[in-house]
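Only one structure is covered here, and it is reproduced in the block below.
Quick note on labels: first sequence line is chain A, next is B, and so on, each numbered from 1.
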Amino acid sequence: MKIQLSPSCSFSLDFTLCCGQAFRWNKQSEWWYGVVGEKVFKIRQIGDALEFENADANFIKGYFGLNDDLQKILSQIRKDNHIERTVETFKGLRILRQDPWECLISYICATYKNISGIKQMIFNLSKRFGDRVVFDGCNFYTFPPPERLVKATQKELAKCSLGYRAKYVSETAIRVHEKCLDFEHLSNVPYEKAREELLDFPGVGLKVADCVLLFSLGKLEAFPVDVWIKRVILKYYVNHFRKKFMRKISSKKSLTGSEYEKLNLFGRSYFGDYAGYAQEYLYHYERTQR
DNA sequence: CAAGTGCCTTTATC
DNA sequence: AGATAAAGGCACT
């Protein structure tokens with residue numbers, strides 16, 4: 001199967017899958033292999049063409065955010081020279097529409113871990129509790145649905161190298177399974193409301209909630225603030241804050257809730273309705289400019 | 001190569 | 001409200 005992108009579409013499969021928003025993609029030669037829901041599929045980009053196997057075009061468009069008007073989004077977030085530079089470097093990077101359940105568990109696990117560690121945890125969970133699927137002669141594992149993780153003991157979860165996160169994953173799985181969380185409902189409700197509901201889940205704080213909202217629920221105004229974004233603000237956006245406040249957050253490692261909210265509100269009001277796109281460009285640029 | 005540092009933070013407690 | 005500590009374990013240097 002093939003999708004021919006229009007020349008104005010602007011999409012980079014590599015930037016989109018390398019920027020750290022998703023943890024389940026691997027490139028083998030020129031094909032990207034991924035598991036989404038129950039399906040394994042592969043995809044590659046050749047110029048303006050996307051070729052893929054074992055998925056349909058509508059799914060691909062939805063998952064890779066190809067329905068977003070990227071030209072419009074990028075023109076709205078280009079507010080200064082620095083963001084301009086990140087956009088020029090990674091133009092074509094798009095926000096995925098990941099599976100909300102997998103995204104929620106992934107970002108609960110992501111606290112205080114680096115990306116390779118997160119990938120490892122999600123792989124371990126899938127291998128231990130998901131279904132094996134053979135595709136192109138290789139083994140893949142689907143991400144376990146809530147009912148599977150409900151049955152898992154915290155000890156078994158911890159063995160997937162989740163550590164102290166096992167408890168949060170287990171308790172969140174139980175609550176999701178008991179229908180305390182309807183992802184469909186969350187995507188239809190405004191950002192603030194959806195965020196509040198997510199914050200009720202164990203292991204979900206402001207940062208995790210914002211990631212789930214942005215990467216799986218289509219809330220493009222969400223602006224997750226992690227250590228990298230904090231660094232970006234301290235480097236390029238200090239003049240938007242009081243000196244005293246900047247000194248305070250630079251002097252310590254983690255942010256309090258109200259400090260988080262100040263940085264988050266800056267991102268959303270400065271970059272606008274597509275602040276989440278700005279966040280991801282800034283994040284990826286900062287991480288790759290070591 | 002060993003040891004130290006840091007990791008897309010949250011929660012509990014004071 | 002705000003500060004502080006604790007919580008796996010792995011990857012990177």
- Query: Checking all strands, does A/Ser116 fall into the base, sugar-phosphate, or nothing category for heavy-atom contacts under 4.0 angstrom?
  - Reply: sugar-phosphate
- Item | Derivation of the ring-ring contact (aromatic ring centres under 6.0 Å, His included) call for A/Phe266 and A/Phe223 | CA-CA 9 Å; A/Phe266 157 72; A/Phe223 189 82; 7.0 Å; no
- Query: Could you state the CG-P distance from A/Asn264 to B/dC8, rounded to the nearest angstrom?
  - Reply: 19 Å
- Message: Rounding to an integer number of Å, can you tell me how far A/Ile115 CD1 sits from B/dG6 P?
- Response: 18 Å
- Message: Taking the basic N atoms (NZ, or NE/NH1/NH2) and the acidic carboxylate oxygens, is any pair closer than 4.0 Å for A/Asp226 and A/Arg287?
- Response: no
- Message: Please give the stem ranges for DNA chain C, sorted by first residue number, where a stem is three or more consecutive Watson-Crick or G-U pairs and both donor-acceptor distances are under 3.5 Å.
- Response: B:3-7 with C:9-13, B:9-14 with C:2-7
- Query: Any chance CD of A/Glu38 has more than 12 other-residue heavy atoms, nucleotides or ligands included, within less than 6.0 Å?
  - Reply: no
- Give a yes or no on whether a salt bridge exists between A/Glu171 and A/Arg175, defined as a side-chain N under 4.0 angstrom from a carboxylate O. no
- Quick one: how far along DNA chain C does chain A reach, first to last nucleotide 5' to 3', anything under 4.0 Å to a heavy atom? C/dG2 to C/dT13
- Task: Kindly say whether A/Ile77 contributes a backbone atom to a donor-acceptor pair with the side chain of A/Tyr274 at under 3.5 angstrom?
- Result: no
- Spacing between A/Lys252 atom NZ and B/dG6 atom C1', to the nearest angstrom: 18 Å
Using residues 18-28 of chain A as the side-chain source, report each donor-acceptor pair under 3.5 Å to any protein atom, sequence neighbours left out, with the distance given to one decimal.
from	atom 1	to	atom 2	distance (Å)
A/Gln21	OE1	A/Leu96	N	3.0
A/Gln21	NE2	A/Thr16	O	3.1
A/Gln21	NE2	A/Arg94	O	2.8
A/Arg24	NE	A/Glu102	OE2	3.2
A/Arg24	NH1	A/Ser126	OG	3.2
A/Arg24	NH1	A/Tyr141	O	3.1
A/Arg24	NH2	A/Tyr141	O	2.8
A/Trp25	NE1	A/Tyr63	OH	3.0
A/Lys27	NZ	A/Asp14	OD1	3.1
A/Lys27	NZ	A/Asp14	OD2	3.3

- Identify, between A/Thr111 and A/Asn114, the residue whose nearest nucleotide on DNA chain C lies closer to the 5' end. A/Thr111
- Taking A/Gln154 for the side chain and A/Ala166 for the main chain, is one N or O donor matched with an acceptor at less than 3.5 Å? no
- Message: Tell me whether the side-chain N/O atoms of A/Arg165 come closer than 4.0 Å to OP1 or OP2 in B/dT10.
- Response: no
- Query: A/Ile95 and A/Phe183: same hydrophobic cluster, using ILVMFWY side-chain contacts below 4.5 Å?
  - Reply: yes
